[in-house]
There are 2 protein chains.
Amino acid sequence: MKNSDKFISGLVKNFKDKGFRLTAPRKAILDLLVNTNEHPSVEEICFDVHKSYPSIGITTVYRTLDLLVSWGLVHKFDFGEGKARYELIEHPKGIGHHHHLICTSCKKIINYTDFIDKEFNYIPKVETRLSKKYNFKIQNHLIEFYGVCDNCM
Amino acid sequence: MKNSDKFISGLVKNFKDKGFRLTAPRKAILDLLVNTNEHPSVEEICFDVHKSYPSIGITTVYRTLDLLVSWGLVHKFDFGEGKARYELIEHPKGIGHHHHLICTSCKKIINYTDFIDKEFNYIPKVETRLSKKYNFKIQNHLIEFYGVCDNCM
DNA sequence: ATTGTTAATGATAATCATTATCATTAAGGT
DNA sequence: ACCTTAATGATAATGATTATCATTAACAAT
């Protein structure tokens with residue numbers, strides 16, 4: 001069994017366990033999310049899914065993503081483009097968890113994944129503390145640094 | 001001289017130094033930003049500024065905020081409401097720098113400001129490292145934890 | 001396997017934040 | 001006081017997201 005199939009099974013299970021129906025458009029959307037390394041927008045997801053499931057409607061893409069986001073399985077990004085971008089939080093073969101440097105001038109986004117040890121230790125400790133204090137089940141985090149890039153200085 | 005006046009002077013200087021004109025609507029918007037503890041939306045800013053400067057147009061609010069964001073003086077937040085919210089990055093009397101816990105189910109936002117020592121040490125170290133590595137001048141950061149709150153569990 | 005219930009879909013229209021346009025106004029140097 | 005030109009604000013245009021609703025199809029019960 002491919003690694004990505006395992007992921008899809010897990011996602012599918014989520015739908016069933018929560019009493020939602022497992023439909024063809026939902027499967028097609030999940031399949032796309034598992035097989036991309038990007039942060040696709042709704043429009044891009046719709047365009048791509050259209051290849052395997054031509055009758056896909058954009059409304060369904062919005063609705064399916066909303067579900068996945070509310071279950072903490074997908075993260076919804078806003079990079080200031082006026083539209084959202086989406087990414088599976090646990091990704092079978094993606095670029096993996098990453099943080100961003102965002103240039104406030106030209107909007108360029110730099111992904112970085114080369115965390116130092118300090119960074120690995122920091123997050124779990126803070127998460128444990130906050131979870132307890134606020135009785136909040138943390139599923140994901142977003143760390144972004146804003147500033148001025150090379151070209152814009 | 002009031003603390004908030006000092007801040008406004010600094011902001012004003014920014015406009016002059018960069019060759020932008022210091023106009024009444026811009027002054028009114030700065031004044032509002034300095035005197036709020038909220039994360040106001042464009043609509044809210046427009047409404048409030050209208051009291052002191054009734055002819056304010058919403059376009060000017062957008063334009064002024066864009067300038068301040070591009071200079072790294074104001075942070076533009078997206079809390080998933082379909083509209084942006086804004087806050088002065090260095091605030092004379094605000095709630096101060098804070099991070100967020102965001103419930104992906106009901107969208108509730110919890111601010112927390114009680115950082116532990118580890119958290120104080122972590123950020124500057126990472127910023128120094130990233131600044132050097134990517135030749136990027138960091139002005140601000142955003143740390144958000146996503147999950148499920150008390151009520152939604 | 002067939003049926004019945006009802007959630008899910010997708011075309012379309014509606015909404016709403018943001019951006020573009022452009023004639024008019026006013027900042028700030030001369 | 002005048003001039004140049006950036007800034008303004010009313011309005012229209014755009015574009016992402018959401019609401020509506022008749023139709024379709026999942027899947028539990030038979």
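A quick note: this is a predicted structure, and the numbers were derived from the prediction, not measured. In what follows, chains carry the letters A, B, and so on, assigned in the order in which the sequence lines appear, proteins first and then strands, with residues in each chain numbered from 1.
Checked options B:H75, B:E44, B:E38; the residue passing with B:R85 is B:E44 (criterion: side chain to side chain donor-acceptor pair (under 3.5 Å)).
Checking A:A24 against B:T59, the closest nucleotide of DNA chain C that is more toward the 5' end is the one next to A:A24.
B:D66 places its CG atom 14 Å from the C1' atom of D:dA7, with the value rounded to the nearest Å. Regarding B:F20, its CZ atom lies at a distance of 13 Å from the C1' atom of D:dT5, rounded to whole Å. Taking atom CZ on A:R26 and atom P on D:dA25, their separation rounds to 15 Å, with Å as the unit. Rounded to an integer number of Å, the gap from A:Y86 OH to D:dA16 P is 12 Å. Spacing between atom CD1 of A:I56 and atom P of C:dG10 amounts to 5 Å, rounded to whole angstrom units. Atoms CD (A:E43) and P (D:dT17) sit 10 Å apart, rounded to a whole Å. As a whole-Å value, the separation of B:Y62 OH from D:dA13 P is 18 Å. Protein atom NZ of B:K16 is 6 Å distant from nucleotide atom P of C:dG28, rounded to whole Å.
Nucleic acid contact for B:I58: none, since no nucleic acid atom lies under 4.0 Å from a heavy atom of the residue. Within the 4.0 angstrom heavy-atom criterion, base atoms lie near A:R63. Contact annotation for B:F15: no contact, since no heavy-atom pair falls under 4.0 Å across all strands. Residue contacts for B:T23: at a heavy-atom cut-off of 4.0 Å it reaches the sugar-phosphate backbone alone, with no base atom in range. Backbone-only contact: B:S55 has heavy atoms under 4.0 Å from sugar-phosphate atoms and none from a base.
To the nearest 0.5 angstrom, A:L33 atom CG is 11.5 Å from A:I89 atom CD1.
Ring geometry, A:F145 versus A:Y112: the interplanar angle falls from 30° to 60°, so the pair is classed tilted. Ring orientation note: the planes of A:F15 and A:F20 are nearly perpendicular, at an angle over 60° on the 30°/60° scale.
Here the two rings, on A:H39 and A:F79, have centers that are under 6.0 Å apart.
Using a 4.0 Å cut-off, some side-chain N or O of A:Y53 falls inside it from OP1 or OP2 of C:dG10. Residue B:T60 places at least one side-chain N or O closer than 4.0 Å to OP1 or OP2 of D:dG9.
Side chain to side chain, A:E144 and B:H141 fail the donor-acceptor criterion of an N or O pair below 3.5 Å.
B:R21 contributes no side-chain N or O that forms a donor-acceptor pair with the base of C:dG29 under 3.5 Å.
When the shell of 6.0 Å around NZ of B:K16 is examined, it contains 12 or fewer heavy atoms from other residues, nucleotides or ligands.
Looking at A:T36 and A:I45, their side chains never come closer than 4.5 Å, going by heavy atoms from C-beta outward.
For B:L22, the listed nucleotide lying nearest its side chain is C:dG28; candidates were C:dG28, C:dT9, D:dT8.
For DNA chain C, no neighbouring residue in residues 76-84 of chain A is found when judged by any heavy atom under 4.0 Å.
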